[in-house]
Amino acid sequence: TAVEQVFRRRTIAVKHCYEIVLKKNPRAGGRLVLKVTLATNGRAEVEVVSDSVGDPGVARCVIRKITSWRFPKPETKAATFKVPFIFRSL
């Protein structure tokens with residue numbers, strides 16, 4: 001879908017959030033699940049559903065990134081979905 005394409009194109013921005021935290025906290029890693037609601041204007045509202053990354057800085061950064069992105073406008077009403085991210089150091 002067009003929304004998935006936005007996330008795929010911005011993967012590097014999300015990875016960057018993790019890499020910043022990883023420099024300060026090398027043990028950070030885990031799963032972050034966000035609930036994203038796309039308003040009819042294409043803007044996103046984001047909240048944390050679960051976070052086992054071990055550093056709240058990752059979630060704050062990812063949320064900041066996602067809320068700055070432009071998404072395709074939903075056809076009828078606001079759309080809500082969950083987005084999981086897995087972060088682990090290599």
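Values reported hereafter were calculated over all heavy atoms of this structure, with side chains retained and with hydrogens, waters and symmetry mates removed.
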Minimum side-chain heavy-atom gap R10-V14 below 4.5 Å: no

R70 vs R43 side-chain heavy atoms within contact, under 4.5 Å: yes

With sequence neighbours excluded, what pairs up with T1 under the side chain to side chain contact (heavy atoms under 4.5 Å, CB included) test? V3, E4

Which heavy atom of [X] sits nearest a heavy atom of [Y], and at what distance?
X   : Y   : value
P74 : A79 : CG-N, 4.2 Å
P72 : V6  : CD-CG2, 4.1 Å
V53 : D51 : N-OD1, 2.9 Å
R31 : P84 : NH2-CB, 3.7 Å
L22 : A28 : CD1-O, 3.7 Å
G57 : V21 : C-CG2, 3.9 Å

same_hphob_cluster(F87, I20) at 4.5 Å side-chain heavy-atom cutoff: no

Decide yes or no on side chain to side chain contact (heavy atoms under 4.5 Å, CB included) for I86 and Y18, but give the supporting numbers first. CA-CA 10 Å; I86 305 292; Y18 177 60; over 6 Å; no

Got a second to check how far T11's OG1 is from K15's NZ, nearest 0.5 Å? 6.5 Å

Atom CD1 of I63 and atom CZ of R60: how far apart are they, to the nearest 0.5 Å? 9.5 Å

Residues pairing under disulfide (SG to SG under 2.5 Å) where one sits in residues 24-60, two or more places apart or in two chains, turn out to be none

Sequence neighbours excluded, every pair satisfying disulfide (SG to SG under 2.5 Å) that has a member inside residues 5-38: C17-C61

Apply the hydrophobic cluster definition, ILVMFWY joined by side-chain contacts under 4.5 Å directly or through others, and give me every member besides V33. V49

Residues 71-85 vs side chain to side chain donor-acceptor pair (under 3.5 Å), sequence neighbours excluded, gives T37-T80

Show, in sequence, the C-alpha distance, side-chain angles and deciding distance for L38 and F81, and conclude whether the side chain to side chain contact (heavy atoms under 4.5 Å, CB included) test is met. CA-CA 9 Å; L38 294 184; F81 51 92; 3.9 Å; yes

Answer yes or no: does atom CZ of R27 have more than 12 heavy-atom neighbours from other residues, nucleotides or ligands under 6.0 Å? no

Which pairs count as ring pair (Phe, Tyr, Trp, His ring centres under 6.0 Å) when at least one residue sits in residues 37-71, sequence neighbours excluded? F7-W69, F7-F71

